[in-house]
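What you are looking at is a predicted structure, and each value in this text was computed from that prediction instead of being measured.
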Amino acid sequence: MGKKTNIQLMVDGRRIDGRLPEQLREIEMKIGEIENADGSARVRFGNTEALVAVYGPRSLFPKFLQESDMAILRVVYSMAPFSVDERKNPAPDRRSIEISKVTKDALSGAVFLEEFPRTVIDVYEYIIQADGSTRVTAINAASLALASAGIPMKDLVAACSVGKIGDVLIVDLCGKEDNYSESDMAVAMMPSKGLITLLQMDGRLTKEEVLQLLKKAEENCKKIYEMQKKALLEKFKVVGED
Ligand code: UDP
């Protein structure tokens with residue numbers, strides 16, 4: 001189904017926040033700010049900001065929920081009441097339940113769950129500011145939080161959004177673009193393995209545009225992946241090492 005397109009999102013080749021079509025917003029990644037958590041990360045793409053805390057692996061109760069040969073990854077995505085203009089009810093709604101599920105699926109393949117049978121790894125994702133692309137921002141933060149908890153991983157998961165305004169393809173959609181552009185796609189990847197772990201699309205695209213957008217998503221996930229590795233290296237650099 002098409003989306004609402006009644007506001008002008010592109011003027012003279014620039015987007016409403018002044019960016020070029022393929023320009024990411026300013027990105028910030030911070031690791032380890034939540035002392036009580038086993039791992040944590042805060043990731044900001046422009047005015048979208050996700051804070052993620054990871055607890056575990058820890059014993060899972062009640063016991064009947066346990067998997068005898070692997071850990072369970074439990075993901076909760078939620079938006080803070082103050083994250084959007086109108087107060088957001090913090091109770092889980094259909095959207096947050098769906099995002100929690102797809103985020104869990106996007107991350108599960110990257111974690112060596114089989115190393116921790118009968119346990120649970122809890123991932124709490126809070127959106128503290130929302131201005132588009134919150135699920136991908138939260139996935140980037142969750143991946144860093146899992147790694148910073150010392151949980152063995154096959155790869156980091158890097159994610160970004162891509163879309164279309166008129167016939168121009170764009171990356172990293174802000175809130176208005178998310179709501180009013182012709183189309184948007186959320187993509188998560190395990191870049192070093194070349195695997196896509198999340199692919200969601202809204203709006204209308206031709207098959208060729210889908211392929212072009214996937215290519216742009218891959219290019220940008222790789223850029224984000226490099227930033228994630230840099231943030232981890234900076235945090236865990238051994239003292240005395242250059
Ligand atoms: N949004 C909002 N209130 C809500 C849900 C979403 O204002 O209850 C805004 C927010 O800026 C969000 C955007 O709409 O980033 C797009 O939401 P969508 O469901 O497409 O998910 P996202 O792109 O954030 O992963």
Only pairs at least two apart or in different chains count here, so list each salt bridge (Lys or Arg N to Asp or Glu O under 4.0 Å) that has a residue in residues 209-219.
->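 Passing the test, one end in residues 209-219: E22-K216, K164-E209, K215-E219, E218-K222.
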
Which residue pairs satisfy the salt bridge (Lys or Arg N to Asp or Glu O under 4.0 Å) criterion with at least one member in residues 134-152, sequence neighbours excluded?
->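 Residue pairs with at least one partner in residues 134-152: E98-R135.
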
Partner set under ring-ring contact (aromatic ring centres under 6.0 Å, His included) for Y55, not counting sequence neighbours |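 Partners of Y55 under the ring-ring contact (aromatic ring centres under 6.0 Å, His included) test: Y124.
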
About how many Å separate CD1 of I224 and CG of L24, when rounded to the nearest 0.5 Å?
->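 With rounding to 0.5 Å, CG (L24) is 5.5 Å from CD1 (I224).
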
Heavy atoms of other groups near K176 NZ, more than 12 under 6.0 Å |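 Open.
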
Heavy-atom neighbours of R87 CZ exceed 12 at 6.0 Å |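 For R87, atom CZ is crowded (more than 12 foreign heavy atoms under 6.0 Å).
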
Is a donor on one side and an acceptor on the other found under 3.5 Å between the side chain of R44 and the backbone of A50?
->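 Flag not set: sc R44 to bb A50 has no pair under 3.5 Å.
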
Would you say the side-chain atoms of S143 pair up with the backbone N or O of N140, donor to acceptor, closer than 3.5 Å?
->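 No; judged by distance alone, with no hydrogens or angles, the pair does not exist.
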
With respect to S133, which candidate in S161, C174, C160 satisfies the side chain to side chain contact (heavy atoms under 4.5 Å, CB included) definition?
->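 Exactly one option meets the side chain to side chain contact (heavy atoms under 4.5 Å, CB included) with S133, and it is S161.
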
Charged N to carboxylate O under 4.0 angstrom, [X] versus [Y]?
| X | Y | result |
| --- | --- | --- |
| E49 | K30 | no |
| R19 | D17 | yes |
| D155 | K193 | no |

Name all pairs fulfilling the side-chain hydrogen bond (donor to acceptor under 3.5 Å, both in side chains) condition that reach into residues 58-70, sequence neighbours left out, sorted by first residue then second.
->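 Those involving residues 58-70 are R58-D122.
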
Show me, pair by pair, the donor-acceptor contacts under 3.5 angstrom made by side chains of residues 147-154, not counting sequence neighbours?
from : atom 1 : to   : atom 2 : distance (Å)
S148 : OG     : S40  : N      : 3.2
S148 : OG     : L144 : O      : 3.4
S148 : OG     : A145 : O      : 3.0

Fellow cluster residues of L60, listed by chain then number, with links counted only when side-chain atoms sit under 4.5 Å apart =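 So far as hydrophobic clustering goes, L60 is joined with F64, L65, I72, V120.
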
